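What follows is a single structure, written as structure tokens, with notes after it.
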Amino acid sequence: MSKIAIFFGPEKGAVNRVADKIRQLLGAEKVEMVSVANATAASLKPFDKIIFGISTVGKETWDSTFSNNDWAKFMPEISKGDFQGQIVAIFGLGDHITYAANFVDSMGQLARELQKTSAHLVGQVPVEGYEFEESAAIIDGMFVGLPVDEDFEPELTDARIAAWVALLKNQHGF
């Protein structure tokens, strides 16, 4: 059986709740939860399949707060990771109303870092069904992973997660 991990941050918030839902749908016994708060590149090595969960802060707070969060500390570890033979997926939380011009941008930043490595990125999601102005998380007309808006569309979260997890299971063996 392949080893699956969900690397997520921050803890105890919406990203953590979504990560828990994904874990349950994949089978809790098959998935290890790893907070990025203290993770390193070496923490990535034991897993065949990795899901990253990240949130996006608003543009006006980006410069002041992003440099201090768990992901800002963990992001440099991505470039040190050896993703050879690993399958990687991303989900991201964003606010499509207040930050419509930066919707789930952190997913895009993470995907671009992963593209510099040997990571095999899967789980892209069509932009149809989402409302926003701009997003750095779109590559080739698709979101690089699963966008979730727990602030203004929590009623859509469970169905979006279920469809995405089914895709990961059916097409990528999660």
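Note that this is a predicted model, so its numbers are computed, not measured.
- Using a 4.5 Å heavy-atom threshold, the side chains of Glu150 and Val18 count as touching.
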Query raised in the report: Given the rule in the side chain to side chain contact (heavy atoms under 4.5 Å, CB included) test, do Asp20 and Ile22 qualify, once you have shown the distances and angles that lead to the verdict?
Result: CA-CA 5 Å; Asp20 285 336; Ile22 292 169; over 6 Å; no

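- Using a 4.5 Å heavy-atom cutoff, the side chains of Arg112 and Ile139 are in contact.
- In this structure, Asn102 contributes its side chain and Asp105 its backbone to no donor-acceptor pair below 3.5 Å.
- Counting only distance, with no hydrogens or angles, the side chain of Asp48 and the backbone of Lys3 share a donor-acceptor pair below 3.5 Å.
- Without hydrogens or angle criteria, Lys169 side chain to Leu25 main chain gives a donor-acceptor distance under 3.5 Å.
- Between Val104 and Gly94, the shortest heavy-atom distance links the atoms CG1-N, 3.7 Å.
- Minimum heavy-atom separation, Gly9 to Val36: CA-CG2, 4.0 Å.
- Not a single donor-acceptor pair under 3.5 Å links the side chain of Thr117 to the backbone N or O of Phe83.
- You'll find the side chain of Glu153 reaches within 4.5 Å of the side chain of His96, heavy atoms only.
- Put simply, the side chain of Val122 does not reach to within 4.5 Å of the side chain of Leu167, judged on heavy atoms.
- One finds the CD1 atom of Ile51 at 11.0 Å from the CD1 atom of Ile90 (value rounded to the nearest 0.5 Å).
- You'll find the side chain of Val165 stays beyond 4.5 Å of the side chain of Phe174, heavy atoms only.
- In terms of heavy-atom proximity, Gln84 sits nearest to Ser118 at N-OG, 3.0 Å.
- The shortest side-chain heavy-atom distance between Val127 and Met142 does not fall under the 4.5 Å cut-off.
- Separating the CD1 atom in Ile161 from the CG atom in Leu168 is a distance of 11.5 Å, to the nearest 0.5 Å.
- Ring planes of Phe132 and Phe143: tilted class, angle from 30 to 60°.
- Ser106 has its side chain out of reach of Ser55: every pair of non-hydrogen atoms, C-beta onward, lies at least 4.5 Å apart.
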Requested in this report: Let me see the working for Ile78 and Leu110 under side chain to side chain contact (heavy atoms under 4.5 Å, CB included), right down to the final yes or no.
Outcome: CA-CA 8 Å; Ile78 297 294; Leu110 176 57; 4.0 Å; yes

Report task. Verify side chain to side chain contact (heavy atoms under 4.5 Å, CB included) between Phe8 and Ile54, making sure each step is shown before the conclusion. Result -> CA-CA 6 Å; Phe8 69 97; Ile54 191 167; over 6 Å; no

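- Between Trp164 and Phe91, the two ring planes are perpendicular [angle over 60°; tilted spans 30° to 60°].
- How far OH of Tyr99 is from CG of Asp149: 11.5 Å, rounded to the nearest 0.5 Å.
- Side-chain atoms of Glu134 do not come within 3.5 Å of backbone N or O of Phe103 as any donor-acceptor pair.
- Nearest heavy atoms, Ala5 versus Val34: CB-CG2, 4.4 Å.
- Distance alone, capped at 3.5 Å, is enough to place a donor-acceptor pair between the Lys30 side chain and the Leu26 backbone.
- Glu29 contributes atom CD, which lies 9.5 Å from atom CD1 of Ile4 (distance to the nearest 0.5 angstrom).
- Between Arg23 and Glu32 there is no salt bridge, since no side-chain N of the basic residue sits under 4.0 Å from a carboxylate O of the acidic one.
- With hydrogens and angles disregarded, a donor-acceptor distance shorter than 3.5 Å links the side chain of Tyr130 to the backbone of Pro147.
- For the side-chain hydrogen bond (donor to acceptor under 3.5 Å, both in side chains) test, residues two or more places apart in sequence or in another chain that qualify with Glu11 are Ser35.
- Checking side-chain atoms of Thr98 against main-chain N and O of Asp95 turns up no donor-acceptor pair under 3.5 Å.
- The shortest distance between side-chain heavy atoms of Gln86 and His120 does not fall below 4.5 Å.
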**Report entry** Leu44/Ile50 under side chain to side chain contact (heavy atoms under 4.5 Å, CB included): CA gap, chis, key distance, verdict
**Finding:** CA-CA 8 Å; Leu44 302 164; Ile50 298 171; 3.9 Å; yes

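- When all heavy atoms of Trp71 and Phe7 are compared, the closest pair comes out as CZ2-O, 4.1 Å.
- Listed for the Glu77 side chain is no donor-acceptor partner under 3.5 Å among the backbone atoms of Thr40.
- Sparse packing is recorded around CG of Asn38, with 12 or fewer heavy atoms of other residues, nucleotides or ligands lying under 6.0 Å away.
- Summarising the geometry of Ala101 relative to Glu133, their closest heavy-atom pair is CB-OE1, 3.9 Å, with the distance given to 0.1 Å.
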Report task. List the steps and the verdict of side chain to side chain donor-acceptor pair (under 3.5 Å) for Ser79 and Glu113. Result -> CA-CA 7 Å; Ser79 62; Glu113 287 301 312; 5.0 Å; no

